[in-house]
Amino acid sequence: MSKTIKIKRGKDIVLVGQANNEILSVTSSSTYAIKPHDFKGLVPKLNVKEGDEVKAGDCLFYDKKNPEICFTSPVSGEVAEIVRGDRRAIMEVRVLADKETNYKEFNVGGFENKSADEIKSILLESGLWPTLVQRPFGLIAKTDAEPKAIHISGFDSAPLGVDFNFSLQGEENNLQTGIRVLSKLCSGIIHLNVHKKKDHEIYKGLTGVQMNFFEGPHPSGLPGVQIHHIDPIAKGDVVWTINPQHLAFIGRLFNGGKLDLKQVISVAGSELVKPAYYSCIAGCSLETILKDNLKQDNVRVISGDVLTGTRIEKSGYLGYFDQLISVIPEGDEYEFLGWLVPSYPRPTISNSLPISKFLTKKFKVNTNLHGEERAFVVTGQYEQVLPMDILPVQLLKSILAGDLDKMEQLGIYEVIEEDMALCEFVCTSKIEVQQILSEGLELMAEEG
Amino acid sequence: MKFLRKTLDNLKPTFSKGGKLSFLHSTFDGIETFLFVPNRTTQKGSHIRDGIDLKRTMFTVVIALLPALLFGMWNIGYQYYNAIGQTDTHLQYFFYGLIQSLPIIIVSYGVGLGIEFAFCQIKGHPINEGFLVSGLLIPMCLPPDIPLIYVAVATAFAVIVGKEVFGGTGMNVLNPALTARVFLYFAYPGAMSGDEVWVAAKPENWTDGYSGATNLAEIYKASTGGEAFTPGVFKASAWESFMGFIPGSIGETSALMCLIGAVILIISGIGSWKIMLSTFAGGFLMGQILNMVGGNAYFDMPAYYHLIIGGFAFGAVFMATDPVSAAQTESGKWIYGLLIGILTVLIRVFNPAYPEGIMMAILLMNVFAPLIDNYVIEANIKRRLKRVTV
């Protein structure tokens with residue numbers, strides 16, 4: 001039964017620089033990178049060394065704890081560099097791309113008749129398995145557990161969010177194949193959640209899914225919130241989530257037998273000359289896209305949205321899970337009596353900033369903290385932006401206290417960092433909510 | 001601005017670690033961040049943050065207190081001239097009240113901030129803004145002719161025992177301002193109760209027949225004297241009590257001004273309307289129930305009187321809503337407020353020797369707030385478990 005769910009609590013943060021609905025192409029980037037840090041809890045083990053030749057779809061590194069999970073090269077070429085960080089942790093595996101991409105062939109013929117295990121091994125080998133994210137904890141899906149359901153959020157409600165209905169045009173067939181493939185791995189329902197007021201034409205003809213309708217502000221587009229309202233997670237449950245772009249990748253793999261990671265991403269934000277959609281391949285370098293496209297130099301480039309994304313260099317690489325690059329100004333400036341008379345509008349949920357709250361529709365937001373970190377004082381704020389029956393403050397306190405029982409009882413299985421990113425945004429005391437939650441999730445995943 | 005910024009930048013090394021005046025680091029930091037919102041940017045998690053911070057939050061509360069404070073100053077003068085049987089201009093009333101109350105405010109802020117700064121310095125913490133509000137609440141809930149030394153002692157007690165021993169702002173169990181008041185009430189009852197302290201004029205200067213009794217004292221007298229309730233029990237009419245033309249603590253007399261403050265707090269979203277509404281509702285409800293029971297003048301007093309006499313409105317709007325010492329869960333706030341209202345009226349009626357029930361009620365509920373929250377949390381956990389089995 002399809003459901004219609006109204007999300008009341010939350011906040012749409014509307015920013016200047018939403019990508020125009022046009023797809024620009026740029027000279028494709030010369031290097032591509034896969035970053036192990038994009039995957040939570042992953043300990044990578046290299047499968048290649050610098051100088052090796054790889055095809056698109058060849059394994060670059062795998063999960064040390066689970067060696068069948070491969071992370072593959074999005075393009076063919078030469079392994080150019082393995083970038084290491086502190087304690088020699090692998091930060092990036094860079095591949096210098098060939099002019100023509102050579103694809104590794106995957107035997108996908110007649111997948112409809114293949115067993116779940118065969119499907120699984122194709123996904124694992126192709127490197128698309130890690131697109132399946134497992135709840136609780138938001139880790140890469142375990143290979144030995146069948147999920148009770150799969151949730152696909154068909155829309156992005158985050159600031160400057162991607163319009164999938166635009167970026168996935170023409171992918172209908174791939175999406176459908178993707179759904180058929182996933183239905184082989186999950187006997188439960190595959191939920192496709194769309195926003196009632198946002199266009200969702202591309203999903204309309206899809207079969208094999210239960211379409212659920214959401215209304216209301218961000219975080220209505222987050223799978224965590226959707227799962228909570230459709231079919232909540234309890235202890236022992238396993239649920240998978242996947243984003244629609246990745247679903248199309250899976251479909252493409254099973255339609256064509258090769259790993260083709262072309263996608264349309266949104267490059268947005270107030271500091272871009274031309275905020276627009278760009279056609280590129282997963283893991284691409286942003287150098288060509290951002291070159292001559294920045295209004296100024298003192299900017300923060302974020303792979304992902306401004307609430308949950310990862311900060312990257314201007315010449316950095318697109319994150320594995322992201323279809324959005326946000327570029328906003330840094331806020332490293334002093335503001336004279338800024339707490340009393342703000343010198344420019346800033347997004348807020350507080351009525352005590354009336355000009356920002358009521359008179360400004362679109363914000364040019366920067367990265368300033370707008371205050372200093374303080375002890376937790378103001379109550380009732382997190383609850384305004386967390387549309388779940390979860391007590392956010394008490395959950396965070398149980399994490400700080402390291403109380404595993406309380407964490408479990410208060411619903412830690414139902415949330416991952418992104419679900420509480422708005423709590424962090426609104427916090428008067430500037431507490432690092434996502435960091436705390438992340439520590440709790442890690443502890444729970446280890447102990448639980 | 002640039003000049004100011006430059007000066008601060010030049011001074012900064014002196015106050016930083018290793019600098020000559022590094023022992024004043026927190027103080028410098030407090031002043032600097034007061035003048036300039038720092039240039040700190042987000043490093044982890046969300047890249048953007050809401051424009052609100054604790055400074056603005058606390059400042060909004062101070063703004064909300066101003067109507068009650070300014071009116072209170074005028075009222076001190078008005079009551080003074082009334083007591084000595086003279087009249088004067090409104091400006092003169094206000095001016096008199098200003099002179100009378102300003103030293104109390106200065107002492108409260110001076111002592112409180114001094115201790116806070118010292119503690120922050122020792123612990124290496126940044127200075128919290130919480131005392132900006134407490135420092136004003138303390139004078140506003142004290143009688144107008146309270147000796148300054150008492151103010152100083154009470155403030156020190158409130159900040160040290162009420163707050164710092166628990167870990168500073170955000171960690172205290174009791175409302176700091178009420179801690180100061182209750183300390184004075186038990187340590188120096190002579191200065192905090194009776195009929196003589198609520199007017200700035202010395203009793204020997206009063207005109208014949210003048211009584212400085214508060215509404216609460218009058219109704220107490222009436223009920224112990226076995227009188228039936230008539231509006232005539234009070235010197236002041238209900239309207240005058242609501243407006244605040246009555247003797248009392250500096251900022252608490254006018255229910256109207258407290259309501260204006262409430263409107264500011266509610267519109268700005270800083271104060272919890274749930275707590276305010278449920279406190280008033282609790283008081284009114286209990287008043288109604290006691291009306292039905294009947295017995296003496298206090299029982300028979302119409303319920304709305306409870307809301308306009310004494311410090312009920314002031315406590316409900318400014319004291320009960322302190323987010324740190326109140327219930328922290330949203331449903332808990334309803335229960336917390338309701339119980340404050342109910343307890344206030346119960347304390348007033350059943351134990352009228354305590355002239356002000358709301359102070360006791362709020363402090364008591366401060367202590368019980370974590371328990372209320374605990375029940376709300378348990379209910380949430382049960383709800384979650386139930387969901388699983390269905």
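So that the names make sense, note that chain A is the first sequence line, chain B the second, and so on, each numbered from 1. Everything numeric in this text was worked out from a predicted model, so none of it was measured.
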Step through the shown structure and confirm whether more than 12 heavy atoms of other residues, nucleotides or ligands are within 6.0 Å of [atom1] on [X].
{"X": "A:I355", "atom1": "CD1", "answer": "no"}
{"X": "B:F117", "atom1": "CZ", "answer": "yes"}
{"X": "B:N10", "atom1": "CG", "answer": "yes"}
{"X": "B:F3", "atom1": "CZ", "answer": "no"}
{"X": "A:Y344", "atom1": "OH", "answer": "yes"}

[X]-[Y] side chain donor-acceptor pair, cut-off 3.5 Å:
{"X": "A:K397", "Y": "B:Q328", "answer": "yes"}
{"X": "A:T348", "Y": "B:D50", "answer": "yes"}
{"X": "A:R300", "Y": "B:T42", "answer": "yes"}

Nearest-0.5 Å distance, [atom1] of residue [X] to [atom2] of residue [Y]:
{"X": "B:L35", "Y": "A:L340", "atom1": "CG", "atom2": "CG", "value": "11.0 Å"}
{"X": "B:D53", "Y": "A:R374", "atom1": "CG", "atom2": "CZ", "value": "8.0 Å"}
{"X": "B:T33", "Y": "A:Y334", "atom1": "OG1", "atom2": "OH", "value": "10.5 Å"}
{"X": "B:I48", "Y": "A:I328", "atom1": "CD1", "atom2": "CD1", "value": "6.5 Å"}
{"X": "B:S46", "Y": "A:I13", "atom1": "OG", "atom2": "CD1", "value": "7.0 Å"}
{"X": "B:R384", "Y": "A:Q409", "atom1": "CZ", "atom2": "CD", "value": "9.5 Å"}

Toward chain B, the part of [X] with a non-hydrogen atom under 4.5 Å:
{"X": "A:N366", "answer": "backbone"}
{"X": "A:K11", "answer": "neither"}
{"X": "A:Q434", "answer": "side chain"}
{"X": "A:I431", "answer": "backbone"}

If you compare all heavy atoms of [X] against all heavy atoms of [Y], which two are closest, and at what distance to 0.1 Å?
{"X": "A:L391", "Y": "B:V376", "result": "CD1-O, 4.4 Å"}
{"X": "B:H47", "Y": "A:D305", "result": "CD2-O, 4.2 Å"}
{"X": "B:R56", "Y": "A:V341", "result": "NH1-N, 4.4 Å"}

Tell me, with the steps shown, if B:M58 and A:V377 meet side chain to side chain contact (heavy atoms under 4.5 Å, CB included). CA-CA 10 Å; B:M58 292 301 175; A:V377 170; 4.1 Å; yes

Sort [X] into side chain, backbone, both or neither according to what part of it lies under 4.5 angstrom from a heavy atom of chain A.
{"X": "B:R5", "result": "side chain"}
{"X": "B:I267", "result": "backbone"}
{"X": "B:N128", "result": "both"}
{"X": "B:L4", "result": "side chain"}
{"X": "B:K333", "result": "side chain"}
{"X": "B:L265", "result": "neither"}

Heavy-atom donor-acceptor pair, A:W339 side chain to B:V37 backbone, under 3.5 Å: no

Using a cut-off of under 4.5 Å for heavy-atom pairs, which of [options] has the most such pairs with chain B?
{"options": "A:G411, A:A421, A:C427, A:S438", "value": "A:G411"}
{"options": "A:T308, A:I390, A:V393", "value": "A:I390"}
{"options": "A:R346, A:E424, A:K430", "value": "A:E424"}
{"options": "A:G380, A:P354, A:P159, A:P342", "value": "A:G380"}
{"options": "A:S326, A:G371, A:P347", "value": "A:P347"}
{"options": "A:D389, A:V365, A:T310, A:V378", "value": "A:D389"}

Chain A: which of [options] shares the most heavy-atom pairs with it under 4.5 Å?
{"options": "B:I270, B:N39, B:T60", "result": "B:N39"}
{"options": "B:G170, B:G45, B:G168", "result": "B:G45"}
{"options": "B:M171, B:E129, B:H125", "result": "B:E129"}

With a 4.0 Å cut-off, would you call B:R387 and A:E414 a salt bridge?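 So B:R387 pairs with A:E414 through a salt bridge.
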
Decide, yes or no, whether a salt bridge links B:K55 with A:E372 under the criterion of side-chain N to carboxylate O below 4.0 Å.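 The answer is yes: the pair qualifies as a salt bridge.
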
A:F425 ring centre to B:R49 NZ or CZ under 6.0 Å, with the angle to the axis within 45°?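 Negative - B:R49 is either too far from the ring of A:F425 or too far off its axis.
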
Evaluate the side chain to side chain contact (heavy atoms under 4.5 Å, CB included) criterion for residues A:L369 and B:T41: first the C-alpha distance (whole Å), next the side-chain angles of each, then the deciding distance (0.1 Å), finally the verdict. CA-CA 5 Å; A:L369 264 183; B:T41 56; over 6 Å; no

A:Q381 versus B:I52: any side-chain heavy-atom pair under 4.5 Å? yes

